[in-house]
Amino acid sequence: MDFLIVNRTLMIATYLFLGFFIANHTITGATKPIGVCNGRIADNLPSEQDVTSFYTSNGIGKMRIYDPNQATLQALRGTNIELILGVPNGDLQSLTTPSTANDWVQNNIVAFSPKVNFRYIAVGNEVEPSDPASQYVLPAMQNIYNALASANLGGEIKVSTSVSASLLAQSYPPSAGSFGATSSTYITPIVSFLATTGAPLLVNVYPYFAYIGDPQNIHLDFALFTAQGTVFQDGALAYQNLFDAIVDAFYSALEAAGGANVEIVVSETGWPSTGEAAATVDNASTYYKNLINHVNDGTPKKPGKAMETYLFAMFDEDQKGPAETERHFGLFSPDKQPKYNNISFS
């Protein structure tokens, strides 16, 4: 056989193999599973259309919003930006009525799908077990899930809720993570729902707040991903940063609550640039850069499993509070000027 024909045959076979491989594998480090929260508690922010365009121009392919803002949903049409859509805590009670939940889904999801790429519905944000609204979270989740299923969207859009680390009764060591008696009555049925429907738990992870709450025992380098070597050993698992320790404590708590198959999506994490001693531009820049470079590595409990993570937030929000730091979590100023240099989102 002619050498050129053999060579061409081998080349074609190689291209076919590479095409198959790329289509069926994620190349480690190729993309970062990073989104950014689009908080809008401010009176000086760009328009919703400008914000959406700004996401695209910065290579940010995931967004979280906290209510079904119609202008934002309109601006997201055709962008393919993956969206976490929030249900405000004040709307939870009304959504325990199935017809109201169906109307909510029709007006805010069906009306925009498939041109808006809905990924998760966050039914409530950081609802505490002691909050009167806690009794409405699971029924609202169930009703929204059923309404999505009726609209033939149940397999595409997952229904969850967003929680804070305050739900953990124990977080150290991470292998002993648990929700505890106070939280279990509230969260265990939700975990069961997530396990049944294949949805992740959305968790807001803030090493910053853990650090300022206990600076005597938590070192700043552990919170900023700058510790050299292992900070503590938990059995066979070595921990070098606080972010991993918090996430793995949640994984342990989920296992103890019957949710061993429930994944975690970090629905918020960030570091403020001013307002407290540790809230500086240098610290915030260090946290964001190191976090973005770390999320593809997974955690000691889930090594190599990329962690879908949403940075909080896109812009500083001048109407938040009461703490001054709450107004300074933005990656950008409201005029779209970057607060930190050389941060890549993709």
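We count residues from 1, following the sequence as given.
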Kindly give the heavy-atom pair with the smallest separation between [X] and [Y], and that separation in Å.
X: T230; Y: Q233; result: CG2-OE1, 3.8 Å
X: D316; Y: L45; result: O-CD2, 3.7 Å
X: A223; Y: L242; result: CA-CB, 4.1 Å
X: I109; Y: W104; result: CD1-CZ3, 3.8 Å
X: P300; Y: A238; result: CG-O, 3.3 Å
X: V205; Y: F243; result: CG1-CD1, 3.8 Å

With distance as the sole test, does [X] use its side chain to make a donor-acceptor pair with the main-chain N or O of [Y] at under 3.5 Å?
X: S164; Y: E126; answer: no
X: T161; Y: G124; answer: yes
X: N58; Y: I60; answer: no
X: S134; Y: D131; answer: yes
X: D234; Y: S175; answer: yes
X: N125; Y: N89; answer: no
X: Y251; Y: I264; answer: yes
X: N102; Y: P98; answer: no
X: E324; Y: P322; answer: no
X: T299; Y: D244; answer: no

State plainly whether one hydrophobic cluster holds both [X] and [Y], where clusters connect Ile, Leu, Val, Met, Phe, Trp and Tyr through side-chain heavy atoms under 4.5 angstrom apart.
X: I84; Y: Y55; value: no
X: V87; Y: I187; value: yes
X: V123; Y: V105; value: yes
X: L202; Y: V262; value: no
X: F112; Y: Y66; value: yes

So, taking the atom named [atom1] in [X] and the one named [atom2] in [Y], what distance separates them when rounded to the nearest 0.5 Å?
X: L331; Y: K339; atom1: CG; atom2: NZ; value: 7.5 Å
X: K289; Y: S344; atom1: NZ; atom2: OG; value: 11.0 Å
X: L201; Y: I190; atom1: CG; atom2: CD1; value: 8.5 Å
X: R119; Y: E156; atom1: CZ; atom2: CD; value: 12.0 Å
X: N38; Y: E317; atom1: CG; atom2: CD; value: 8.5 Å
X: T269; Y: F312; atom1: OG1; atom2: CZ; value: 11.0 Å

Exercise for review: Output all residues satisfying side-chain contact (heavy atoms from CB on, under 4.5 Å) with A323, sequence neighbours left out; order by chain, then residue number.
Suggested key: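 Listed in chain order: T325, E326.
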Review point. Got more than 12 heavy atoms from elsewhere within 6.0 Å of CD, Q93?
Key: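 It does not: Q93 CD has 12 such atoms or fewer within range.
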Is any side-chain heavy atom of [X] less than 4.5 Å from a side-chain heavy atom of [Y]?
X: M307; Y: K302; value: no
X: M63; Y: T79; value: no
X: I218; Y: Y211; value: yes
X: T97; Y: N143; value: no
X: S285; Y: N341; value: no
X: L85; Y: P68; value: yes
X: V163; Y: F250; value: yes
X: Y186; Y: F179; value: no

Classify the angle between the aromatic ring planes of [X] and [Y] as parallel (below 30°), tilted (30 to 60°) or perpendicular (above 60°).
X: W271; Y: Y287; result: tilted
X: F329; Y: F209; result: tilted
X: Y288; Y: Y340; result: tilted

Check your understanding: How about S162 and N204: does a side-chain donor come under 3.5 Å of a side-chain acceptor?
Key ->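 Distance-only check passes for S162 and N204.
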Exercise for review: Using distance alone, with no hydrogens and no angle criterion, decide if E308 and Y120 have a side-chain donor and acceptor under 3.5 Å apart.
Suggested key: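 There is such a pair between these side chains.
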Check your understanding: By ring-ring contact (aromatic ring centres under 6.0 Å, His included), which residues pair with F332, not counting sequence neighbours?
Key ->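 Per chain and number, F332 pairs via ring-ring contact (aromatic ring centres under 6.0 Å, His included) with F54.
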Review point. With respect to L83, which candidate in T72, L76, N117 satisfies the side-chain contact (heavy atoms from CB on, under 4.5 Å) definition?
Key: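 Result for side-chain contact (heavy atoms from CB on, under 4.5 Å) with L83: L76.
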**Study point:** Of N44, V36, V51, the residue whose pairing with F315 passes side-chain contact (heavy atoms from CB on, under 4.5 Å)
**Key:**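 For F315, the side-chain contact (heavy atoms from CB on, under 4.5 Å) test succeeds with only one of N44, V36, V51, which is V51.
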Check your understanding: Under the side-chain contact (heavy atoms from CB on, under 4.5 Å) criterion, do R77 and V116 qualify, and how do the steps go?
Key -> CA-CA 5 Å; R77 286 179 180 270; V116 174; 4.1 Å; yes
Practice item. Run the numbers on K158 and E263 for salt bridge (Lys or Arg N to Asp or Glu O under 4.0 Å), then give the verdict. Key: CA-CA 12 Å; K158 299 300 183 182; E263 297 295 339; over 6 Å; no
Practice item. Could you please spell out the steps behind the side-chain contact (heavy atoms from CB on, under 4.5 Å) verdict for Q216 and D214? Key: CA-CA 5 Å; Q216 297 302 314; D214 190 11; 4.3 Å; yes
Check your understanding: Passes side-chain contact (heavy atoms from CB on, under 4.5 Å), V247 versus V203? Steps please.
Key -> CA-CA 8 Å; V247 171; V203 181; over 6 Å; no
Check your understanding: Between I246 and Y206, does a side-chain contact (heavy atoms from CB on, under 4.5 Å) hold up when you go through it step by step?
Key -> CA-CA 9 Å; I246 296 171; Y206 282 97; over 6 Å; no
**Study point:** Any residue meeting salt bridge (Lys or Arg N to Asp or Glu O under 4.0 Å) with E48, in chain and number order, not counting sequence neighbours
**Key:**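 R40.
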